[in-house]
Amino acid sequence: MSVQPVIIGSYPTKLPEFEARLIVLPRLNRIADARSDPAWLRRSLIGVAVVFLTLFIVVPLVNVFAKAFSKGVAAYVAAVSHPDALAAIWLTVVAAVVAVGLNVVFGVIAAWSVTKYQFRGKSLLITLIDLPFSVSPVISGLVFVLLFGAQGYLGPWLQAHDIKVIFALPGIILATVFVTFPFVARELIPLMREQGTQDEEAALSLGASGLRTFFRVTLPNIKWALLYGVLLCNARAMGEFGAVSVVSGHIRGETNTMPLHIEILYNEYQFMAAFAVASLLALLALVTLIAKALLEKRVTKE
Amino acid sequence: MSVLAISSRRRSVIPGFGITLGITLLWLSLIVLIPLAALFLKTTELSFERFVAIVTSSRALHALELSFGLSLAAAATNLVFGFAVVWALVRYEFPGRRLLDAIVDIPFALPTAVAGIALTNLYAENGWLGSLLEPLGIKVAFTPLGIFVALVFIGLPFVVRTVQPVLEDLDAELEEVSATLGASRWTTIRRVIIPVIVPALLTGFALAFARAVGEYGSVIFIAGNLPNVSEIAPLLIVIRLEECRYAEATAIASVMLTASFLLLLLINLLQRWSERRTGKL
(Lines give C-alpha, C1' and ligand atoms only; values in the text may rest on other atoms or scores of the structure.)
Protein backbone atom coordinates (compact mmCIF):
# COMPACT_ATOMS: atom_id res chain seq x y z
CA MET A 1 0.00 0.00 0.00
CA SER A 2 1.33 3.35 -0.95
CA VAL A 3 0.85 6.20 1.41
CA GLN A 4 -0.72 9.24 -0.12
CA PRO A 5 1.71 12.14 -0.10
CA VAL A 6 0.61 14.87 2.19
CA ILE A 7 1.14 18.21 0.49
CA ILE A 8 1.53 20.44 3.45
CA GLY A 9 3.20 23.12 1.48
CA SER A 10 0.21 23.85 -0.73
CA TYR A 11 -1.96 25.40 1.98
CA PRO A 12 0.22 26.64 4.75
CA THR A 13 -1.61 29.88 5.45
CA LYS A 14 -5.19 28.63 5.11
CA LEU A 15 -4.86 25.56 7.28
CA PRO A 16 -7.25 26.34 10.15
CA GLU A 17 -10.07 27.46 7.87
CA PHE A 18 -9.78 24.43 5.64
CA GLU A 19 -9.83 22.12 8.57
CA ALA A 20 -12.84 23.82 9.98
CA ARG A 21 -14.70 23.39 6.71
CA LEU A 22 -13.85 19.73 6.59
CA ILE A 23 -15.43 19.24 9.97
CA VAL A 24 -18.48 21.39 9.40
CA LEU A 25 -19.54 20.09 6.00
CA PRO A 26 -20.94 16.71 7.07
CA ARG A 27 -22.63 18.39 10.01
CA LEU A 28 -24.46 20.75 7.67
CA ASN A 29 -26.00 17.71 6.07
CA ARG A 30 -27.12 16.51 9.46
CA ILE A 31 -28.76 19.84 10.24
CA ALA A 32 -30.86 19.54 7.11
CA ASP A 33 -32.48 16.37 8.40
CA ALA A 34 -31.95 16.89 12.10
CA ARG A 35 -35.67 16.41 12.68
CA SER A 36 -36.22 13.41 10.44
CA ASP A 37 -36.23 9.93 11.86
CA PRO A 38 -34.84 6.83 10.19
CA ALA A 39 -37.19 5.24 7.66
CA TRP A 40 -37.76 2.08 9.67
CA LEU A 41 -38.88 4.12 12.67
CA ARG A 42 -41.11 6.33 10.56
CA ARG A 43 -42.76 3.37 8.91
CA SER A 44 -43.31 1.44 12.11
CA LEU A 45 -44.74 4.46 13.99
CA ILE A 46 -47.15 5.26 11.16
CA GLY A 47 -48.03 1.56 11.10
CA VAL A 48 -48.69 1.48 14.84
CA ALA A 49 -50.84 4.63 14.63
CA VAL A 50 -52.90 3.35 11.71
CA VAL A 51 -53.42 -0.13 13.16
CA PHE A 52 -54.22 1.14 16.65
CA LEU A 53 -56.76 3.72 15.47
CA THR A 54 -58.32 1.35 12.95
CA LEU A 55 -58.70 -1.44 15.46
CA PHE A 56 -59.99 0.68 18.31
CA ILE A 57 -62.07 3.27 16.50
CA VAL A 58 -62.79 2.60 12.84
CA VAL A 59 -63.80 -1.05 13.18
CA PRO A 60 -66.31 -0.44 16.01
CA LEU A 61 -67.82 2.47 14.07
CA VAL A 62 -68.16 0.47 10.86
CA ASN A 63 -69.63 -2.34 12.94
CA VAL A 64 -72.47 -0.05 14.12
CA PHE A 65 -73.61 0.68 10.56
CA ALA A 66 -73.03 -2.88 9.33
CA LYS A 67 -75.17 -4.27 12.14
CA ALA A 68 -77.85 -1.59 11.68
CA PHE A 69 -78.37 -2.55 8.04
CA SER A 70 -77.78 -6.29 8.54
CA LYS A 71 -81.44 -7.08 7.89
CA GLY A 72 -81.94 -4.66 5.06
CA VAL A 73 -83.16 -1.12 4.69
CA ALA A 74 -86.82 -1.93 5.37
CA ALA A 75 -86.04 -3.44 8.78
CA TYR A 76 -83.83 -0.44 9.53
CA VAL A 77 -86.60 2.03 8.71
CA ALA A 78 -89.08 -0.01 10.74
CA ALA A 79 -86.77 -0.01 13.79
CA VAL A 80 -86.09 3.71 13.58
CA SER A 81 -89.74 4.66 13.02
CA HIS A 82 -91.13 2.44 15.80
CA PRO A 83 -93.33 4.57 18.10
CA ASP A 84 -91.02 3.95 21.08
CA ALA A 85 -88.00 4.94 18.99
CA LEU A 86 -89.74 8.09 17.76
CA ALA A 87 -90.73 8.99 21.33
CA ALA A 88 -87.10 8.50 22.40
CA ILE A 89 -85.82 10.66 19.54
CA TRP A 90 -88.33 13.41 20.38
CA LEU A 91 -87.42 13.37 24.09
CA THR A 92 -83.72 13.47 23.24
CA VAL A 93 -84.20 16.47 20.96
CA VAL A 94 -86.31 18.35 23.54
CA ALA A 95 -83.84 17.70 26.37
CA ALA A 96 -80.87 18.65 24.18
CA VAL A 97 -82.46 21.87 22.88
CA VAL A 98 -83.30 23.08 26.39
CA ALA A 99 -79.96 22.02 27.87
CA VAL A 100 -77.90 23.50 25.03
CA GLY A 101 -79.95 26.71 25.10
CA LEU A 102 -79.36 27.16 28.83
CA ASN A 103 -75.67 26.37 28.53
CA VAL A 104 -75.21 28.81 25.64
CA VAL A 105 -76.68 31.69 27.64
CA PHE A 106 -74.78 30.90 30.80
CA GLY A 107 -71.64 29.77 28.98
CA VAL A 108 -71.37 33.11 27.19
CA ILE A 109 -72.02 35.05 30.40
CA ALA A 110 -69.46 32.97 32.29
CA ALA A 111 -66.85 33.35 29.53
CA TRP A 112 -67.48 37.11 29.44
CA SER A 113 -67.09 37.49 33.20
CA VAL A 114 -63.81 35.56 33.41
CA THR A 115 -62.19 37.13 30.34
CA LYS A 116 -63.24 40.77 30.39
CA TYR A 117 -62.43 41.57 34.00
CA GLN A 118 -59.57 41.06 36.42
CA PHE A 119 -60.45 39.60 39.80
CA ARG A 120 -58.96 37.33 42.39
CA GLY A 121 -60.06 33.69 42.42
CA LYS A 122 -60.50 33.65 38.66
CA SER A 123 -58.55 30.46 38.04
CA LEU A 124 -60.54 28.78 40.81
CA LEU A 125 -63.74 29.84 39.07
CA ILE A 126 -62.55 28.40 35.74
CA THR A 127 -61.65 25.14 37.49
CA LEU A 128 -65.12 24.98 39.04
CA ILE A 129 -66.74 25.56 35.64
CA ASP A 130 -64.73 22.59 34.32
CA LEU A 131 -65.67 20.45 37.31
CA PRO A 132 -68.49 18.42 35.67
CA PHE A 133 -65.94 17.04 33.18
CA SER A 134 -64.25 15.08 35.92
CA VAL A 135 -67.37 13.82 37.69
CA SER A 136 -68.60 10.33 36.81
CA PRO A 137 -71.88 10.46 34.83
CA VAL A 138 -73.44 8.16 37.38
CA ILE A 139 -72.60 10.58 40.19
CA SER A 140 -73.94 13.47 38.09
CA GLY A 141 -77.29 11.71 38.08
CA LEU A 142 -77.08 10.57 41.68
CA VAL A 143 -76.69 14.10 43.08
CA PHE A 144 -80.05 15.11 41.56
CA VAL A 145 -81.72 12.01 42.96
CA LEU A 146 -80.35 12.98 46.38
CA LEU A 147 -81.80 16.48 45.97
CA PHE A 148 -85.10 15.87 44.23
CA GLY A 149 -85.86 12.15 44.68
CA ALA A 150 -88.55 10.80 47.00
CA GLN A 151 -85.89 10.28 49.72
CA GLY A 152 -84.04 13.47 48.78
CA TYR A 153 -83.71 16.80 50.52
CA LEU A 154 -86.44 18.50 48.48
CA GLY A 155 -88.44 15.32 47.78
CA PRO A 156 -91.21 15.78 50.37
CA TRP A 157 -91.77 19.41 49.37
CA LEU A 158 -91.95 18.51 45.66
CA GLN A 159 -94.36 15.69 46.41
CA ALA A 160 -96.59 17.98 48.44
CA HIS A 161 -96.76 20.36 45.49
CA ASP A 162 -97.16 17.54 42.98
CA ILE A 163 -94.02 18.42 41.04
CA LYS A 164 -92.13 15.55 39.44
CA VAL A 165 -88.42 16.09 38.77
CA ILE A 166 -86.85 12.66 39.05
CA PHE A 167 -88.18 10.03 36.63
CA ALA A 168 -89.49 12.92 34.52
CA LEU A 169 -88.35 15.45 31.92
CA PRO A 170 -87.04 18.11 34.39
CA GLY A 171 -84.65 15.56 35.92
CA ILE A 172 -83.40 14.51 32.50
CA ILE A 173 -82.81 18.14 31.53
CA LEU A 174 -81.06 18.92 34.84
CA ALA A 175 -78.71 15.97 34.48
CA THR A 176 -77.98 16.92 30.88
CA VAL A 177 -77.29 20.54 31.80
CA PHE A 178 -74.89 19.38 34.53
CA VAL A 179 -72.98 17.06 32.23
CA THR A 180 -72.69 19.59 29.38
CA PHE A 181 -72.10 22.56 31.70
CA PRO A 182 -68.48 23.35 30.69
CA PHE A 183 -68.72 22.83 26.92
CA VAL A 184 -69.67 26.31 25.66
CA ALA A 185 -67.68 28.29 28.23
CA ARG A 186 -64.58 26.18 27.69
CA GLU A 187 -64.59 26.82 23.91
CA LEU A 188 -65.03 30.56 24.40
CA ILE A 189 -62.66 31.31 27.29
CA PRO A 190 -59.29 30.77 25.51
CA LEU A 191 -60.44 32.72 22.44
CA MET A 192 -61.95 35.65 24.36
CA ARG A 193 -58.88 35.82 26.57
CA GLU A 194 -56.66 36.07 23.50
CA GLN A 195 -58.86 38.73 21.92
CA GLY A 196 -58.52 40.91 25.00
CA THR A 197 -60.72 43.90 25.72
CA GLN A 198 -59.50 46.53 23.24
CA ASP A 199 -62.39 46.09 20.80
CA GLU A 200 -64.97 46.43 23.55
CA GLU A 201 -63.17 49.42 25.05
CA ALA A 202 -63.11 51.11 21.66
CA ALA A 203 -66.83 50.54 21.18
CA LEU A 204 -67.63 51.82 24.66
CA SER A 205 -65.48 54.91 24.24
CA LEU A 206 -67.38 55.65 21.03
CA GLY A 207 -70.56 55.70 23.10
CA ALA A 208 -72.04 52.23 22.59
CA SER A 209 -73.90 50.72 25.54
CA GLY A 210 -72.66 47.53 27.19
CA LEU A 211 -75.28 45.30 25.56
CA ARG A 212 -74.80 46.92 22.15
CA THR A 213 -71.06 46.39 22.51
CA PHE A 214 -71.65 42.72 23.23
CA PHE A 215 -73.99 42.11 20.31
CA ARG A 216 -72.17 44.25 17.74
CA VAL A 217 -68.53 43.72 18.74
CA THR A 218 -68.00 40.67 20.96
CA LEU A 219 -70.53 38.30 19.44
CA PRO A 220 -69.28 38.67 15.83
CA ASN A 221 -65.75 38.08 17.12
CA ILE A 222 -66.64 34.78 18.77
CA LYS A 223 -69.46 33.45 16.56
CA TRP A 224 -67.58 30.49 15.07
CA ALA A 225 -66.15 29.36 18.38
CA LEU A 226 -69.63 29.68 19.87
CA LEU A 227 -71.11 27.54 17.09
CA TYR A 228 -68.36 25.00 17.68
CA GLY A 229 -69.15 24.93 21.39
CA VAL A 230 -72.86 24.49 20.63
CA LEU A 231 -72.13 21.51 18.36
CA LEU A 232 -69.97 19.75 20.94
CA CYS A 233 -72.47 20.52 23.70
CA ASN A 234 -75.30 19.16 21.57
CA ALA A 235 -73.46 15.95 20.67
CA ARG A 236 -72.78 15.26 24.32
CA ALA A 237 -76.31 16.25 25.39
CA MET A 238 -77.95 13.89 22.91
CA GLY A 239 -75.58 11.05 23.70
CA GLU A 240 -75.47 11.29 27.49
CA PHE A 241 -76.21 7.92 29.02
CA GLY A 242 -75.07 7.40 32.61
CA ALA A 243 -76.45 10.56 34.22
CA VAL A 244 -79.74 10.40 32.35
CA SER A 245 -80.06 6.69 33.06
CA VAL A 246 -79.94 7.34 36.81
CA VAL A 247 -82.62 10.07 36.84
CA SER A 248 -84.94 8.84 34.08
CA GLY A 249 -86.59 5.72 35.49
CA HIS A 250 -86.61 4.12 32.01
CA ILE A 251 -90.32 4.53 31.36
CA ARG A 252 -90.86 3.41 27.77
CA GLY A 253 -92.25 6.05 25.45
CA GLU A 254 -92.13 8.57 28.30
CA THR A 255 -88.72 9.08 29.91
CA ASN A 256 -86.60 7.10 27.51
CA THR A 257 -83.97 9.03 25.60
CA MET A 258 -82.22 7.53 22.57
CA PRO A 259 -79.22 6.10 24.47
CA LEU A 260 -81.57 4.55 27.03
CA HIS A 261 -83.74 3.14 24.27
CA ILE A 262 -80.63 1.55 22.75
CA GLU A 263 -79.87 -0.09 26.08
CA ILE A 264 -83.39 -1.50 26.43
CA LEU A 265 -83.43 -2.90 22.89
CA TYR A 266 -79.97 -4.39 23.37
CA ASN A 267 -80.91 -6.05 26.65
CA GLU A 268 -84.00 -7.50 24.96
CA TYR A 269 -81.73 -9.05 22.32
CA GLN A 270 -83.20 -6.84 19.60
CA PHE A 271 -79.65 -6.20 18.40
CA MET A 272 -80.45 -4.97 14.93
CA ALA A 273 -82.99 -2.44 16.22
CA ALA A 274 -80.54 -1.30 18.91
CA PHE A 275 -77.86 -0.71 16.29
CA ALA A 276 -80.35 1.07 14.01
CA VAL A 277 -81.09 3.66 16.70
CA ALA A 278 -77.38 3.73 17.60
CA SER A 279 -76.50 4.47 13.98
CA LEU A 280 -78.49 7.73 14.22
CA LEU A 281 -76.33 8.82 17.15
CA ALA A 282 -73.18 7.63 15.38
CA LEU A 283 -74.20 9.72 12.38
CA LEU A 284 -74.69 12.71 14.65
CA ALA A 285 -71.17 12.18 16.00
CA LEU A 286 -69.72 12.04 12.47
CA VAL A 287 -71.60 15.16 11.35
CA THR A 288 -70.38 16.95 14.47
CA LEU A 289 -66.77 16.01 13.69
CA ILE A 290 -67.03 17.09 10.05
CA ALA A 291 -68.56 20.41 11.10
CA LYS A 292 -65.78 20.72 13.65
CA ALA A 293 -63.12 20.24 10.97
CA LEU A 294 -64.78 22.90 8.81
CA LEU A 295 -65.19 25.30 11.72
CA GLU A 296 -61.69 24.88 13.11
CA LYS A 297 -60.18 26.88 10.25
CA ARG A 298 -62.56 29.76 10.88
CA VAL A 299 -61.99 29.62 14.63
CA THR A 300 -58.23 29.95 14.16
CA LYS A 301 -58.93 32.93 11.88
CA GLU A 302 -60.94 34.56 14.67
CA MET B 1 -67.58 36.49 47.87
CA SER B 2 -64.72 38.50 49.28
CA VAL B 3 -62.21 36.24 47.51
CA LEU B 4 -63.65 37.30 44.20
CA ALA B 5 -63.37 41.03 44.88
CA ILE B 6 -62.09 43.20 42.06
CA SER B 7 -58.36 43.49 42.29
CA SER B 8 -57.16 46.99 42.95
CA ARG B 9 -54.55 46.75 40.22
CA ARG B 10 -56.76 47.36 37.25
CA ARG B 11 -60.43 48.20 37.07
CA SER B 12 -62.09 47.36 33.78
CA VAL B 13 -64.03 50.09 31.96
CA ILE B 14 -66.35 47.43 30.57
CA PRO B 15 -69.69 47.52 32.36
CA GLY B 16 -71.53 44.49 33.72
CA PHE B 17 -68.92 42.98 36.03
CA GLY B 18 -71.30 42.57 38.96
CA ILE B 19 -74.21 41.17 37.01
CA THR B 20 -72.28 38.72 34.82
CA LEU B 21 -70.14 37.38 37.65
CA GLY B 22 -73.24 37.20 39.84
CA ILE B 23 -75.18 35.19 37.28
CA THR B 24 -72.19 32.92 36.69
CA LEU B 25 -71.76 32.20 40.39
CA LEU B 26 -75.50 31.69 40.91
CA TRP B 27 -75.85 29.30 37.97
CA LEU B 28 -72.67 27.44 38.91
CA SER B 29 -73.91 27.05 42.47
CA LEU B 30 -77.38 25.88 41.49
CA ILE B 31 -76.35 23.36 38.85
CA VAL B 32 -72.96 22.13 40.04
CA LEU B 33 -71.84 23.16 43.52
CA ILE B 34 -75.01 22.67 45.57
CA PRO B 35 -75.84 19.25 44.04
CA LEU B 36 -72.26 18.06 44.64
CA ALA B 37 -72.36 19.45 48.18
CA ALA B 38 -75.62 17.52 48.72
CA LEU B 39 -73.71 14.31 48.05
CA PHE B 40 -71.14 15.04 50.74
CA LEU B 41 -73.85 16.27 53.10
CA LYS B 42 -75.71 13.00 52.63
CA THR B 43 -72.50 11.10 53.38
CA THR B 44 -72.09 12.89 56.70
CA GLU B 45 -75.41 11.41 57.81
CA LEU B 46 -73.59 8.09 58.05
CA SER B 47 -71.54 7.28 61.11
CA PHE B 48 -67.85 6.90 60.41
CA GLU B 49 -67.90 3.18 61.24
CA ARG B 50 -70.80 2.59 58.89
CA PHE B 51 -69.05 4.52 56.12
CA VAL B 52 -65.87 2.49 56.52
CA ALA B 53 -67.89 -0.74 56.65
CA ILE B 54 -69.66 0.09 53.37
CA VAL B 55 -66.57 1.19 51.50
CA THR B 56 -64.43 -1.71 52.69
CA SER B 57 -67.07 -4.38 52.12
CA SER B 58 -65.56 -6.93 49.77
CA ARG B 59 -67.93 -6.12 46.90
CA ALA B 60 -67.37 -2.36 47.08
CA LEU B 61 -63.64 -2.74 47.57
CA HIS B 62 -63.40 -5.05 44.59
CA ALA B 63 -65.42 -2.69 42.40
CA LEU B 64 -63.23 0.27 43.38
CA GLU B 65 -60.04 -1.73 42.82
CA LEU B 66 -61.30 -2.86 39.44
CA SER B 67 -62.27 0.66 38.35
CA PHE B 68 -59.04 2.29 39.47
CA GLY B 69 -56.74 -0.57 38.42
CA LEU B 70 -58.14 -1.01 34.92
CA SER B 71 -58.32 2.76 34.43
CA LEU B 72 -54.64 3.00 35.28
CA ALA B 73 -53.81 0.20 32.83
CA ALA B 74 -55.94 1.77 30.09
CA ALA B 75 -54.43 5.22 30.64
CA ALA B 76 -50.92 3.73 30.50
CA THR B 77 -51.78 1.95 27.25
CA ASN B 78 -53.07 5.22 25.84
CA LEU B 79 -49.91 6.97 26.97
CA VAL B 80 -47.74 4.62 24.89
CA PHE B 81 -49.94 4.29 21.81
CA GLY B 82 -51.15 7.88 22.05
CA PHE B 83 -47.53 9.03 21.88
CA ALA B 84 -46.93 6.90 18.78
CA VAL B 85 -50.09 8.32 17.19
CA VAL B 86 -49.25 11.92 18.04
CA TRP B 87 -45.67 11.55 16.78
CA ALA B 88 -46.87 10.08 13.49
CA LEU B 89 -49.52 12.78 13.10
CA VAL B 90 -47.24 15.73 13.87
CA ARG B 91 -43.91 14.65 12.39
CA TYR B 92 -44.70 12.57 9.33
CA GLU B 93 -46.45 13.29 6.09
CA PHE B 94 -48.33 10.27 4.75
CA PRO B 95 -51.50 9.65 2.79
CA GLY B 96 -54.56 9.69 5.04
CA ARG B 97 -52.86 11.69 7.78
CA ARG B 98 -55.63 14.28 8.03
CA LEU B 99 -58.30 11.59 8.12
CA LEU B 100 -56.42 9.79 10.88
CA ASP B 101 -56.19 13.05 12.76
CA ALA B 102 -59.98 13.50 12.55
CA ILE B 103 -60.63 9.89 13.63
CA VAL B 104 -58.88 10.50 16.96
CA ASP B 105 -61.85 12.62 18.11
CA ILE B 106 -64.48 9.94 17.52
CA PRO B 107 -64.46 8.58 21.10
CA PHE B 108 -65.21 12.15 22.28
CA ALA B 109 -68.19 12.50 19.97
CA LEU B 110 -69.61 8.98 19.92
CA PRO B 111 -72.19 8.44 22.69
CA THR B 112 -70.93 5.98 25.28
CA ALA B 113 -73.90 3.63 24.89
CA VAL B 114 -73.20 3.35 21.15
CA ALA B 115 -69.54 2.63 21.81
CA GLY B 116 -70.58 0.08 24.44
CA ILE B 117 -72.83 -2.02 22.23
CA ALA B 118 -70.44 -1.73 19.26
CA LEU B 119 -67.44 -2.97 21.25
CA THR B 120 -69.50 -5.75 22.85
CA ASN B 121 -70.78 -6.91 19.49
CA LEU B 122 -67.29 -6.77 18.05
CA TYR B 123 -65.63 -8.80 20.78
CA ALA B 124 -68.46 -11.26 21.45
CA GLU B 125 -67.68 -14.86 20.51
CA ASN B 126 -69.40 -14.52 17.14
CA GLY B 127 -68.24 -10.93 16.56
CA TRP B 128 -65.74 -9.73 13.95
CA LEU B 129 -62.82 -9.60 16.38
CA GLY B 130 -64.13 -12.00 19.01
CA SER B 131 -64.27 -14.87 16.53
CA LEU B 132 -60.62 -14.23 15.62
CA LEU B 133 -59.51 -14.20 19.26
CA GLU B 134 -61.61 -17.20 20.30
CA PRO B 135 -59.29 -19.85 18.76
CA LEU B 136 -56.39 -18.21 20.60
CA GLY B 137 -58.25 -18.73 23.85
CA ILE B 138 -58.64 -15.00 24.48
CA LYS B 139 -62.01 -13.93 25.79
CA VAL B 140 -62.62 -10.17 25.76
CA ALA B 141 -66.36 -9.60 26.01
CA PHE B 142 -67.89 -10.16 29.46
CA THR B 143 -64.49 -10.25 31.19
CA PRO B 144 -62.31 -7.57 32.84
CA LEU B 145 -60.32 -7.51 29.59
CA GLY B 146 -63.44 -6.17 27.88
CA ILE B 147 -63.64 -3.35 30.43
CA PHE B 148 -60.02 -2.55 29.64
CA VAL B 149 -60.75 -2.37 25.89
CA ALA B 150 -63.69 0.00 26.49
CA LEU B 151 -61.58 2.23 28.75
CA VAL B 152 -58.78 2.40 26.16
CA PHE B 153 -61.37 3.43 23.58
CA ILE B 154 -62.84 6.31 25.58
CA GLY B 155 -59.47 7.56 26.88
CA LEU B 156 -57.70 7.51 23.54
CA PRO B 157 -58.15 11.15 22.47
CA PHE B 158 -56.91 12.67 25.72
CA VAL B 159 -53.18 11.91 25.39
CA VAL B 160 -53.15 12.74 21.67
CA ARG B 161 -55.00 16.03 21.98
CA THR B 162 -53.00 17.21 25.00
CA VAL B 163 -49.57 16.42 23.56
CA GLN B 164 -50.29 17.43 19.95
CA PRO B 165 -50.21 21.25 20.37
CA VAL B 166 -47.04 21.08 22.49
CA LEU B 167 -45.22 18.90 19.97
CA GLU B 168 -46.38 21.11 17.09
CA ASP B 169 -45.08 24.23 18.82
CA LEU B 170 -41.75 22.66 19.71
CA ASP B 171 -39.01 24.86 18.27
CA ALA B 172 -37.24 23.13 15.36
CA GLU B 173 -34.05 24.97 16.28
CA LEU B 174 -33.82 23.11 19.58
CA GLU B 175 -33.42 19.82 17.77
CA GLU B 176 -31.08 21.31 15.17
CA VAL B 177 -28.86 22.81 17.84
CA SER B 178 -28.81 19.49 19.64
CA ALA B 179 -27.80 17.71 16.42
CA THR B 180 -25.05 20.24 15.58
CA LEU B 181 -23.65 19.82 19.06
CA GLY B 182 -23.16 16.18 18.18
CA ALA B 183 -26.12 14.53 19.86
CA SER B 184 -27.48 11.42 18.21
CA ARG B 185 -31.15 11.40 17.22
CA TRP B 186 -31.99 9.20 20.19
CA THR B 187 -30.17 11.52 22.60
CA THR B 188 -32.03 14.49 21.12
CA ILE B 189 -35.37 12.78 21.63
CA ARG B 190 -34.49 11.68 25.14
CA ARG B 191 -32.79 14.86 26.38
CA VAL B 192 -34.48 17.61 24.37
CA ILE B 193 -37.93 16.58 23.19
CA ILE B 194 -39.16 14.33 26.00
CA PRO B 195 -38.46 16.84 28.82
CA VAL B 196 -40.54 19.48 27.01
CA ILE B 197 -43.53 17.24 26.44
CA VAL B 198 -43.45 15.24 29.68
CA PRO B 199 -45.89 17.55 31.49
CA ALA B 200 -48.33 17.34 28.57
CA LEU B 201 -47.96 13.56 28.43
CA LEU B 202 -48.71 13.30 32.14
CA THR B 203 -51.68 15.68 31.82
CA GLY B 204 -53.11 13.54 29.03
CA PHE B 205 -52.51 10.43 31.10
CA ALA B 206 -54.28 11.95 34.13
CA LEU B 207 -57.22 13.13 31.99
CA ALA B 208 -57.62 9.68 30.42
CA PHE B 209 -57.40 8.09 33.86
CA ALA B 210 -59.97 10.46 35.38
CA ARG B 211 -62.37 9.85 32.52
CA ALA B 212 -61.93 6.08 32.72
CA VAL B 213 -62.52 5.86 36.48
CA GLY B 214 -66.01 7.33 36.18
CA GLU B 215 -66.93 5.74 32.86
CA TYR B 216 -70.21 3.87 32.80
CA GLY B 217 -71.99 3.68 29.43
CA SER B 218 -69.32 2.08 27.29
CA VAL B 219 -68.32 -0.38 30.01
CA ILE B 220 -71.53 -1.92 31.30
CA PHE B 221 -72.42 -3.67 28.03
CA ILE B 222 -69.07 -5.37 27.59
CA ALA B 223 -68.26 -5.98 31.26
CA GLY B 224 -70.52 -8.90 32.06
CA ASN B 225 -71.08 -7.21 35.42
CA LEU B 226 -70.40 -10.15 37.72
CA PRO B 227 -70.07 -8.97 41.33
CA ASN B 228 -66.49 -9.36 42.59
CA VAL B 229 -65.28 -10.15 39.07
CA SER B 230 -66.24 -7.57 36.49
CA GLU B 231 -68.41 -5.08 38.35
CA ILE B 232 -67.13 -1.49 38.16
CA ALA B 233 -67.72 1.06 40.93
CA PRO B 234 -70.14 3.30 38.95
CA LEU B 235 -72.31 0.26 38.24
CA LEU B 236 -72.34 -0.69 41.93
CA ILE B 237 -73.59 2.84 42.69
CA VAL B 238 -76.43 2.38 40.20
CA ILE B 239 -77.30 -1.06 41.62
CA ARG B 240 -77.42 0.27 45.20
CA LEU B 241 -79.53 3.19 44.03
CA GLU B 242 -82.01 0.89 42.30
CA GLU B 243 -82.22 -1.16 45.50
CA CYS B 244 -83.00 2.11 47.31
CA ARG B 245 -79.89 1.63 49.47
CA TYR B 246 -79.09 5.33 49.21
CA ALA B 247 -76.55 5.38 52.03
CA GLU B 248 -74.37 2.81 50.31
CA ALA B 249 -74.68 4.44 46.89
CA THR B 250 -73.74 7.78 48.43
CA ALA B 251 -70.77 6.44 50.39
CA ILE B 252 -69.20 4.79 47.33
CA ALA B 253 -69.96 7.87 45.21
CA SER B 254 -68.28 10.18 47.72
CA VAL B 255 -65.10 8.08 47.60
CA MET B 256 -65.07 8.31 43.82
CA LEU B 257 -65.87 12.03 43.82
CA THR B 258 -63.04 12.71 46.27
CA ALA B 259 -60.70 10.79 43.97
CA SER B 260 -61.93 12.90 41.03
CA PHE B 261 -61.22 16.11 42.92
CA LEU B 262 -57.71 14.98 43.77
CA LEU B 263 -57.13 14.05 40.14
CA LEU B 264 -58.46 17.43 39.02
CA LEU B 265 -56.04 19.14 41.38
CA LEU B 266 -53.20 17.04 40.01
CA ILE B 267 -54.21 17.85 36.42
CA ASN B 268 -54.25 21.57 37.20
CA LEU B 269 -50.79 21.40 38.72
CA LEU B 270 -49.52 19.41 35.73
CA GLN B 271 -50.98 21.94 33.31
CA ARG B 272 -49.30 24.79 35.11
CA TRP B 273 -46.02 22.89 34.99
CA SER B 274 -46.51 22.31 31.26
CA GLU B 275 -47.24 25.98 30.64
CA ARG B 276 -44.16 27.01 32.54
CA ARG B 277 -42.00 24.52 30.68
CA THR B 278 -43.22 25.55 27.25
CA GLY B 279 -43.03 29.23 28.20
CA LYS B 280 -46.75 29.84 27.67
CA LEU B 281 -48.70 31.47 30.43
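As the structure is a prediction and not an experimental result, all values here were calculated from the model.
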Chain B contact via [X] - which portion, at a heavy-atom distance below 4.5 Å:
{"X": "A:Asn103", "result": "side chain"}
{"X": "A:Leu45", "result": "both"}
{"X": "A:Leu289", "result": "side chain"}
{"X": "A:Phe181", "result": "side chain"}
{"X": "A:Leu147", "result": "side chain"}
{"X": "A:Val145", "result": "side chain"}

Contact winner vs chain A - B:Pro111, B:Gly96, B:Ala113, B:Ala38, heavy-atom pairs under 4.5 Å:
B:Pro111

Which of the residues B:Val85, B:Val177, B:Ile189 is involved in the greatest number of heavy-atom pairs with chain A at under 4.5 angstrom?
B:Val85

Residue selection (most heavy-atom pairs with chain B, distance under 4.5 Å) from A:Ala235, A:Ser113, A:Ala49
A:Ser113

Verify the ring-centre separation between B:Phe81 and A:Phe56: is it less than 6.0 angstrom?
no

Mind checking whether A:Leu204 and B:Pro15 have side chains closer than 4.5 Å, heavy atoms only?
yes

Check whether [X] reaches the backbone of [Y] with its side chain - one donor and one acceptor, N or O, closer than 3.5 Å.
{"X": "B:Thr20", "Y": "A:Ile109", "value": "no"}
{"X": "B:Tyr216", "Y": "A:Gly242", "value": "no"}
{"X": "A:Tyr153", "Y": "B:Lys42", "value": "yes"}

Listed once per pair and sorted, the salt bridge (Lys or Arg N to Asp or Glu O under 4.0 Å) pairs that draw on residues 41-68 of chain A, sequence neighbours left out:
none

Counting only non-hydrogen atoms closer than 4.5 Å, does B:Asn121 touch chain A with its backbone (N, CA, C, O), its side chain (CB onward), both, or neither?
both

Sequence neighbours left out, what passes side chain to side chain donor-acceptor pair (under 3.5 Å) with B:Arg91? Give chain and number order.
B:Glu175

side-chain contact (heavy atoms from CB on, under 4.5 Å) between A:Thr127 and B:Leu265, worked out:
CA-CA 9 Å; A:Thr127 305; B:Leu265 187 71; over 6 Å; no

